[in-house]
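Accompanying notes for the structure given below.
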2 protein chains.
Amino acid sequence: MIKADPRLPRYQQIRDDIAARIARGEWKAGEAIATEAELSSIYGVAIGTIRRAIDELASDGVIERAHGRGMFVRRADFSTSLFRFFRLGSSGERSISPDSRILSRSLATPSDIVRDRLRLGPEDNAIRMIRLRTDGGKVLLREEIWLSATLFGPILDMDIAMLTPLLYPAYERHFGRIVARAKERLTVETADANVACDLEAPAGSSVVRIERQAIDHADHPLEWRTSHGLADQFVYEVDVH
Amino acid sequence: MIKADPRLPRYQQIRDDIAARIARGEWKAGEAIATEAELSSIYGVAIGTIRRAIDELASDGVIERAHGRGMFVRRADFSTSLFRFFRLGSSGERSISPDSRILSRSLATPSDIVRDRLRLGPEDNAIRMIRLRTDGGKVLLREEIWLSATLFGPILDMDIAMLTPLLYPAYERHFGRIVARAKERLTVETADANVACDLEAPAGSSVVRIERQAIDHADHPLEWRTSHGLADQFVYEVDVH
DNA sequence: GAGTGGTCTAGACCACCGT
DNA sequence: CGGTGGTCTAGACCACTCT
């Protein structure tokens, strides 16, 4: 059942296996997963070990516990960690359900920075995507996304519908790769020609630049992304622990 | 020894008591605290319960564990959670050790927003401070800080040296209040007269506005802060979990 | 080797939820 | 009420660090 590196602690192997089952659809969003006692006998470990594994999944927002009822696969809604920022272009607290449009997708030679951020070897190739996030026809964000071609090669030939609207769930579903955390870096700058054009704003507009390195449970970088949005409509909210 | 609400789980009482001891200076920054076995006999609980308490302190960054060596009170250095942003005004990765200068400190009537963010009652008063963060004479950040007068009243009469350079450690030392997490919200705007003047920039300059609500372990807000810094020198880095 | 934290066990009892 | 997750125990053994 578990074929992970046996040097890893059991609770980490179990955590990854449960996450993989959810990714494979064995337990679906909103459903209850097996109880602690069941999992304990499935994996042949003590309940304490199961709890340790679930603790991490819960703190990653993959699973939600309900005392007395069970443990449930959390719906990947837009207010959770996978889609955590901004409410651009519209006033008030109205929730947005942004569309995303992938403009390009190709093999490309990574720059030294990308190579570093994805921890690529000197010969490794990479995948580059340009994507727009829009809401009601209005462009909110322009993203340049880099992935390791070794890990994500098949993404080049996949139906584009399988990659929308959110990429992280797609990484989970099709590659079993789970984004556990991310490092983000925000700066303010003036838009270059490409960015200004895609954001439908005059060149030289003030824009926010967000660099994000998405990292899995094993501390390995999965994705490097640089996003731009117009500064005057920008709101970024984050919980800092 | 422990006089907390006995309805709370033991591991939370112990976690708070250890934090209070550190705040009182019984264990100092950089020093090792008692071992798990010692704590287990001090508090009269099993080691597992101690570990649970320490887990939370470690994830809050109060304590650092070193396998085989012991558990250490973490130095509140500038790269950690208490002082997490920007590297303004200078190039490269050189670390900054910013000074802070408190410009004003007084009782004030909180606005509705402040009242909401600090969860104050309709009659509660508040403390307002204006503070500049500087590095080598250059102003990096201008902060407006609001506190509940009920919780932090004595701060008005304290020697100002007790409040520098960092406020959160001062809250811990003098009031036993520990900032466990914070919610931050970033936007970009143009500087008003006060902000521009304090940042030594022309009015109308593009500035970043950071609103931060600092929250304790019991999910009660401790502080509400609005900071401004010049946009073109701004860098904000954060780990998102 | 002695001492530390890290993992894991096999239970117990409690608090909460549904029927 | 039975079933669930939450807390807690009293150990065992392992991995790491220092001397």
Side-chain angles (χ1 to χ4, degrees), chain A residues 1-2 4-19 21-22 27 30-74 217-219, chain B residues 1-2 4-19 21-22 27-28 30-75 217-219:
Chain A
M1 182 62 65
I2 294 189
D5 187 339
R7 291 168 306 181
L8 258 45
R10 313 278 292 268
Y11 74 88
Q12 284 183 22
Q13 301 175 32
I14 291 169
R15 177 248 281 151
D16 292 342
D17 189 69
I18 293 175
R21 283 175 185 234
I22 292 171
W27 293 306
E31 284 181 10
I33 69 172
T35 66
E36 294 181 342
E38 286 166 354
L39 292 170
S40 155
S41 83
I42 288 174
Y43 289 106
V45 299
I47 281 195
T49 306
I50 296 295
R51 287 191 58 77
R52 181 83 191 262
I54 300 283
D55 278 347
E56 307 213 347
L57 291 169
S59 83
D60 286 348
V62 176
I63 277 179
E64 219 161 13
R65 293 172 142 136
H67 193 169
R69 292 199 297 130
M71 301 182 292
F72 300 83
V73 179
R74 191 156 167 196
H217 286 295
D219 256 337
Chain B
M1 182 61 63
I2 294 191
D5 187 338
R7 291 168 308 181
L8 258 43
R10 312 280 292 269
Y11 74 88
Q12 285 183 23
Q13 302 176 32
I14 291 169
R15 176 249 280 152
D16 292 341
D17 189 69
I18 293 175
R21 284 175 185 235
I22 292 171
W27 293 305
K28 292 188 186 119
E31 285 181 8
I33 68 172
T35 66
E36 294 181 339
E38 285 166 354
L39 291 170
S40 155
S41 84
I42 288 174
Y43 290 105
V45 299
I47 281 196
T49 306
I50 296 295
R51 288 191 58 76
R52 181 82 192 263
I54 300 283
D55 278 347
E56 308 212 348
L57 291 170
S59 83
D60 286 348
V62 175
I63 278 179
E64 219 162 12
R65 292 171 143 136
H67 192 170
R69 292 199 297 130
M71 302 183 293
F72 299 82
V73 179
R74 192 158 167 194
R75 304 188 167 283
H217 285 296
D219 256 335

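We name chains A, B, ... by the order of the sequence lines, and we start the count at 1 in each one. Bear in mind the structure is a predicted one, so any value in this text is a computation, not a measurement.
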- When we call it a touch if two heavy atoms are under 4.0 Å apart, what does R52(B) touch: a base, just sugar-phosphate, or nothing? sugar-phosphate
- Message: Measuring from the side chain of A46(B) (C-beta onward, heavy atoms only), which nucleotide among dG5(C), dA10(D), dC8(C) has the closest atom?
- Response: dA10(D)
- When you match G68(A) and I47(A) each to their closest nucleotide on DNA chain C, which lands nearer the 5' end? I47(A)
- Message: When you measure from the side-chain N and O atoms of R69(B) to the phosphate of dC16(D), is any distance below 4.0 Å, counting only OP1 and OP2?
- Response: no
- Which of the following nucleotides, dG5(D), dA15(D), dC8(D), is nearest to the side chain of R10(B)? dC8(D)
- Message: Just the rounded figure in Å: distance from P of dG6(C) to CD of Q12(A).
- Response: 13 Å
- Look at the side-chain N and O atoms of T49(B) and state whether any lies under 4.0 Å from the OP1 or OP2 oxygen of dT9(D). yes
- What's the closest nucleotide to the P9(A) side chain, out of dG5(C), dT7(C), dC8(D)? dT7(C)
- Side chains of V62(B) and V73(B): does their closest heavy-atom pair fall under 4.5 Å? no
- Item | dC8(D) OP1/OP2 closer than 4.0 Å to side-chain N/O of Y11(B) | no
- Task: Provide, to the nearest angstrom, the distance between the CZ atom belonging to F72(A) and the P atom belonging to dC17(C).
- Result: 12 Å
- So does R52(B) pair up with D55(A), basic N to acidic O under 4.0 Å? no
- Side-chain N or O of T35(A) closer than 4.0 Å to phosphate OP1/OP2 of dG3(D): no
- Task: Please report, rounded to the nearest Å, how far the C1' atom of dG6(D) is from the CD1 atom of I50(A).
- Result: 16 Å
- Task: May I ask you to decide whether D16(B) forms a salt bridge with R21(B), counting only side-chain N to carboxylate O separations under 4.0 Å?
- Result: no
- Over how many whole Å does the gap from R51(A) atom CZ to dC13(C) atom P extend? 18 Å
- Test item: E38(B) side-chain N/O and T35(B) main-chain N/O as donor-acceptor pair under 3.5 Å: yes
- Of the listed dC8(C), dG6(D), dT4(C), the closest approach to the E36(A) side chain comes from dG6(D)
- Note on the structure: Whole-Å distance, M71(B) CE to dG3(C) P, equals 16 Å
- Message: Just the rounded figure in Å: distance from P of dT9(C) to CG of L39(A).
- Response: 13 Å
- Item | Nearest-angstrom distance from the residue atom CG of D55(A) to P of dC8(D) | 14 Å
- Sugar-phosphate, base or nothing in reach of A66(B), heavy atoms under 4.0 Å: sugar-phosphate
- pair R65(A)-E36(A): side-chain heavy atoms closer than 4.5 Å: yes
- Task: Round to the nearest Å and state the distance from H67(A) atom NE2 to dC14(C) atom C1'.
- Result: 8 Å
